Number of protein chains: 4
Amino acid sequence: MILVLKPDTAEADVAPIREALSARGIILQDIVGASTTMLGLAGDTSAVSADWLMTYRCVERIVRVQEPYKLAGRKFHPEDSVFTVRGQAIGGGAFAVMAGPCSVESEEQILAVARGVKACGAGFLRGGAFKPRSSPYAFMGLGLDGLELLKLAREETGMPIVTELLSSEHLDAFAKDVDVIQIGARNMQNFSLLREVGQLKKPVLLKRGLSSTIDELLMAAEYVMAGGSPEVILCERGIRTFETATRNTLDISAVPVLKQKSHLPVIIDPSHATGQWQLVESMSLAAAAAGADGLIIEVHNKPEAALCDGAQSLTPEAFGRLMQKLECVRQALSM
Amino acid sequence: MILVLKPDTAEADVAPIREALSARGIILQDIVGASTTMLGLAGDTSAVSADWLMTYRCVERIVRVQEPYKLAGRKFHPEDSVFTVRGQAIGGGAFAVMAGPCSVESEEQILAVARGVKACGAGFLRGGAFKPRSSPYAFMGLGLDGLELLKLAREETGMPIVTELLSSEHLDAFAKDVDVIQIGARNMQNFSLLREVGQLKKPVLLKRGLSSTIDELLMAAEYVMAGGSPEVILCERGIRTFETATRNTLDISAVPVLKQKSHLPVIIDPSHATGQWQLVESMSLAAAAAGADGLIIEVHNKPEAALCDGAQSLTPEAFGRLMQKLECVRQALSM
Amino acid sequence: MILVLKPDTAEADVAPIREALSARGIILQDIVGASTTMLGLAGDTSAVSADWLMTYRCVERIVRVQEPYKLAGRKFHPEDSVFTVRGQAIGGGAFAVMAGPCSVESEEQILAVARGVKACGAGFLRGGAFKPRSSPYAFMGLGLDGLELLKLAREETGMPIVTELLSSEHLDAFAKDVDVIQIGARNMQNFSLLREVGQLKKPVLLKRGLSSTIDELLMAAEYVMAGGSPEVILCERGIRTFETATRNTLDISAVPVLKQKSHLPVIIDPSHATGQWQLVESMSLAAAAAGADGLIIEVHNKPEAALCDGAQSLTPEAFGRLMQKLECVRQALSM
Amino acid sequence: MILVLKPDTAEADVAPIREALSARGIILQDIVGASTTMLGLAGDTSAVSADWLMTYRCVERIVRVQEPYKLAGRKFHPEDSVFTVRGQAIGGGAFAVMAGPCSVESEEQILAVARGVKACGAGFLRGGAFKPRSSPYAFMGLGLDGLELLKLAREETGMPIVTELLSSEHLDAFAKDVDVIQIGARNMQNFSLLREVGQLKKPVLLKRGLSSTIDELLMAAEYVMAGGSPEVILCERGIRTFETATRNTLDISAVPVLKQKSHLPVIIDPSHATGQWQLVESMSLAAAAAGADGLIIEVHNKPEAALCDGAQSLTPEAFGRLMQKLECVRQALSM
């Protein structure tokens with residue numbers, strides 16, 4: 001951490017800062033430049049808040065040199081993390097494909113889709129039982145009944161299930177029945193939920209918030225990991241920008257950047273990023289080529305009858321063709 | 001709602017749409033242009049999802065003509081809403097100033113600040129008992145003890161208290177003790193919390209999310225109101241943009257836009273929007289001039305000792321000077 | 001074009017609109033909904049400005065149904081455009097790789113890089129003679145001397161040259177000597193330059209502006225094409241967002257979206273989008289997988305001695321490895 | 001300037017950096033922290049490029065401590081600049097109001113508007129002779145004929161004229177006839193135009209680009225000033241964000257931030273920022289309250305007949321009411 005002082009700062013103004021930091025065991029080093037004086041802070045600065053230092057009116061700027069995430073960062077964990085869920089690996093060379101409908105609608109629907117995506121090679125079944133909807137008047141999902149239907153589909157196909165947790169009210173049900181607990185983009189900074197889910201010690205799929213930076217995503221992962229769950233899967237699902245031709249802008253470069261900074265697996269959600277099924281194939285192939293560890297894709301047996309987000313769902317047939325192309329690209333890259 | 005069809009769409013492809021919409025009581029009108037055919041939908045389209053219609057592959061685009069918020073919108077409620085909390089009015093010509101520290105730290109601190117801001121003319125005491133922090137290692141607030149200290153300050157000064165609710169765990173405590181329940185920017189789309197807080201039937205201060213549109217803010221208000229709480233105060237607190245000179249970009253034009261679209265009172269938070277106390281005065285005056293119904297401002301008796309966000313806090317003296325200037329501007333505008 | 005009227009608009013207010021539009025040969029159709037009245041406009045509305053219609057105070061909203069680009073759009077030109085420059089094809093299944101240094105620095109440098117990238121399979125030599133720099137004190141390129149050095153390199157290697165035009169002052173020199181004239185991101189809406197370059201009837205590489213929408217990029221292409229140059233290559237080079245981990249955010253989904261809307265070839269510039277050579281390989285592979293028609297990549301023989309943008313330059317060796325991987329991915333996708 | 005090294009960097013890797021910098025007269029200081037080593041650079045680092053340093057692969061990050069604008073910055077010019085144009089002052093307590101139509105359309109129109117705004121107290125006449133239009137098929141302004149009409153209006157009213165320069169082709173005409181030369185948002189980084197206009201040594205009104213940072217705006221001003229024109233007026237006119245309720249988002253906090261960093265006058269363009277005449281009054285009052293040095297406002301005598309941007313134009317009557325309110329707010333603030 002470096003503290004840049006305002007020009008012509010008197011030593012009397014700096015003294016209280018020196019004192020306060022020394023009291024916390026921080027070692028200070030003066031850096032006197034031609035027109036700028038700085039203080040270098042050495043020692044454990046992870047608990048030193050930049051906000052607090054900025055309140056000293058002689059401080060012009062604070063520069064953090066170290067990243068504030070220790071559990072999620074690659075620094076103290078240089079090798080890639082690999083998790084295994086019901087025999088399905090995520091990370092470290094495996095390519096995890098999670099597929100299924102936006103929301104679970106009926107036994108017939110979820111079984112049909114589950115069989116379809118399994119036949120095409122998907123490893124995980126995704127499906128929403130609780131749906132976050134921006135209108136209070138929209139369909140909110142089948143709730144716990146939806147969870148039961150997902151369990152049925154798991155029983156039949158063997159695929160682990162991935163589904164979104166919206167509220168601490170359902171923590172127990174999720175702890176008991178869900179294989180990978182999804183935290184959605186809108187809850188990425190719902191810190192009380194992050195803490196609670198961390199205590200379940202289950203794999204967590206953490207989606208990047210619409211306007212969250214890569215560092216904020218890693219800090220959210222740090223929350224979950226600090227709670228006790230080391231198995232966090234990061235998911236890029238599009239960020240909000242000025243462009244309106246797609247629902248969001250898929251930040252494909254987040255894949256290599258996250259993998260530089262963190263040891264956690266990184267997957268892409270092309271369905272929510274684009275909002276259009278026509279773009280899902282090209283974005284899935286791009287994700288694989290960019291080095292992602294997997295995908296989460298919406299598949300529906302009857303998109304035009306879907307109760308939500310049908311416009312971004314692939315049919316099982318289109319999903320099958322995509323899986324074949326993905327396989328070709330992945331083989332090409334491993335050569 | 002208007003449905004634009006793709007060029008050269010066959011009637012056979014449109015027929016299932018006609019059927020599905022007629023079954024819902026929607027009346028359809030064909031609009032045949034030179035090179036484009038459209039369907040106009042009349043009737044109650046509030047439950048018709050654009051997502052669902054987009055799954056019909058002959059549909060090119062959907063245009064919503066009516067806004068989806070009925071309780072929050074001005075259409076069915078043309079006059080400004082005015083709420084009164086412990087004798088303090090918000091909306092309809094009153095100018096509500098909520099002031100206090102980012103977080104409640106001690107009895108001495110909260111009482112000193114409360115007395116200070118009351119003496120300068122603030123109407124409400126704000127202060128955080130539960131703090132959302134992006135690092136799991138940061139100070140999270142005093143929790144329920146902080147709430148007790150706020151009550152003490154209310155008892156002494158008579159000012160109603162405004163404080164943030166982070167989790168449904170504390171709903172009962174807030175229902176009993178808090179005058180205006182704040183929903184923070186990061187929870188603006190925590191829909192389960194919105195629904196729960198709506199059921200308390202208490203005034204709610206709803207902050208706009210960092211990357212939420214004005215329409216999404218109004219939909220979040222609709223959630224709270226649909227739950228049973230008509231008294232929602234909208235708060236613009238800066239949006240996330242590419243500019244980094246300020247923490248966020250204060251969207252000052254949101255004030256007149258929100259007041260066109262909605263009858264609810266609109267206040268501004270210049271402290272969080274800018275992140276710098278030096279900018280709080282000018283942004284507060286701008287907010288008043290733009291027609292805001294009030295402000296929420298951070299004030300701390302010792303900013304350099306604040307446990308969070310001290311850099312954006314005014315001293316009580318600077319707050320006092322601001323209140324005088326605000327009074328001048330408001331008088332000038334009422335001439 | 002659809003014109004949505006305000007609620008309770010009197011026919012007397014609409015009459016002047018009807019009259020003004022009829023005078024322009026537009027046919028109007030009333031669409032009367034439950035709570036909204038609209039006017040559908042048929043006929044050639046490309047010269048009808050939405051701005052002008054919005055001045056009628058009874059108009060609430062204008063919805064454009066047709067896209068305003070006729071030459072750049074796919075509607076009247078359904079097949080992909082393919083251009084050939086000195087025997088090198090762009091578009092229609094060919095994959096054009098343009099490589100070279102950010103700026104031409106010396107004969108030795110440009111010849112070394114040109115030979116290096118040609119040996120690895122690049123089809124075009126890129127290099128800046130005139131450099132747009134955000135500081136007036138920075139190196140601005142060698143100017144016309146740089147152009148001479150590019151010609152030397154072309155003579156030796158046979159590769160067509162791609163270089164940026166900054167000012168109409170150099171139109172003649174570019175018309176005579178440059179194979180593909182680049183219009184940079186900062187000049188994408190320099191309309192007088194677009195018009196002038198269009199009159200040269202040479203291939204133009206048009207970079208998307210930092211905060212330009214996909215539709216604005218296509219309108220800029222329309223300018224060049226309306227001037228008389230049909231051979232425009234569109235280039236996505238990253239857009240400005242809130243994320244600061246990369247210099248810009250590569251909008252990879254712009255590739256399939258542009259190809260839906262337009263027949264023009266689309267290439268990606270991973271070097272400027274990310275600003276970091278470490279990210280260039282993964283983003284190049286992603287671009288190929290997403291269906292791009294080519295790449296423009298910075299390569300420098302001594303990145304640490306580059307006079308600009310060395311941090312985003314590949315060495316010829318790294319470029320060679322990338323070309324091999326690209327070949328594998330492209331073969332995989334053609335299976 | 002501070003150079004943060006990667007962990008475990010060997011001295012052999014740093015040696016070439018030390019050598020290269022010493023050769024430029026830079027003094028280096030090692031800063032050895034617990035887990036990070038840094039190099040502090042002292043001396044004149046304004047010509048040291050961060051891009052160049054980043055090419056050394058042992059460098060993790062560069063931190064610039066000093067701002068790169070010397071002429072535009074407040075550091076070496078602490079007092080506010082005040083310019084006078086035909087007797088009208090800008091900056092330093094004066095409040096400059098520039099008003100007039102988006103584009104000059106006819107003698108009758110420009111004279112009527114000029115008389116109208118002068119009667120209400122405007123100090124400058126604005127009006128476009130050359131218009132940047134995103135469609136090649138739209139009205140481009142009357143060109144040099146428009147300039148003649150502006151001169152007529154100046155002759156009659158005495159008001160100095162402000163109009164936009166689009167191309168170096170018209171430099172001579174502007175040098176001879178225009179009082180304040182406007183550089184529009186789309187040309188803010190048209191560096192060749194900036195340099196040329198700087199050489200005219202006339203007052204320049206520089207609009208912030210749609211997605212330009214405050215620092216980039218100041219660097220563009222530096223270009224003009226380095227060319228020889230010290231009289232630059234900065235203009236905030238809305239930035240591009242995700243919000244679509246207004247055409248752009250007026251960054252009102254840019255006013256105090258620019259005034260902290262620079263001595264140049266700062267004005268606001270509420271017409272282009274919002275795109276809606278209904279929002280112009282509130283945003284103008286907010287600008288005055290935030291400390292702006294003036295406004296540039298579109299006024300048209302017949303907005304519904306305007307050839308461009310009528311939807312954002314005030315009538316002379318509405319402009320007159322605004323001027324009265326502005327006067328009240330400015331008096332209130334000077335108390």
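In what follows, chains are A, B, ... by sequence order, proteins preceding strands, each numbered from 1. For clarity, every value in this text was computed on a predicted model and none was experimentally measured.
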Exam field: side chain A:Thr246 to backbone A:Thr274, donor-acceptor pair closer than 3.5 Å: no
Heavy-atom distance under 4.5 Å to chain A: side chain of B:Glu216, backbone, both or neither? side chain
Let me know if B:Ser168 has heavy atoms under 4.5 Å from chain A in its side chain, its backbone, both or neither. side chain
Testing B:Ile183, B:Leu234, B:Leu194 for side chain to side chain contact (heavy atoms under 4.5 Å, CB included) with B:Val204, which one passes? B:Ile183
Output yes when a side-chain donor or acceptor of B:Ser211 lies under 3.5 Å from a complementary backbone atom of B:Arg240, and no otherwise. no
Do you know which of A:Pro132, A:Ala226, A:Ser167, A:Ser134 has the most heavy-atom pairs with chain B at a distance under 4.5 angstrom? A:Ser134
Who pairs with A:Gln278 by side chain to side chain donor-acceptor pair (under 3.5 Å), at least two apart in sequence or on another chain? none
Proximal to chain B - members of residues 15-24 of chain A, heavy-atom separation under 4.5 Å: none
For chain A, the option from B:Met219, B:Arg195, B:Glu169 that forms the most heavy-atom pairs under 4.5 Å: B:Met219
B:Phe191: which residues meet the ring pair (Phe, Tyr, Trp, His ring centres under 6.0 Å) condition with it, sequence neighbours left out? B:Tyr223
Side chain to side chain donor-acceptor pair (under 3.5 Å) involving A:Ser192 - partner list, sequence neighbours excluded: A:Asn190
Can you tell which part of B:Met188 gets under 4.5 Å to a heavy atom of chain A, answering side chain, backbone, both or neither? neither
Thinking salt bridges, do B:Glu60 and B:Lys6 make one under a 4.0 Å N-O criterion? no
Does the B:Glu222 side chain pair with the main chain of B:Leu218, one donor and one acceptor, at a distance under 3.5 Å? no
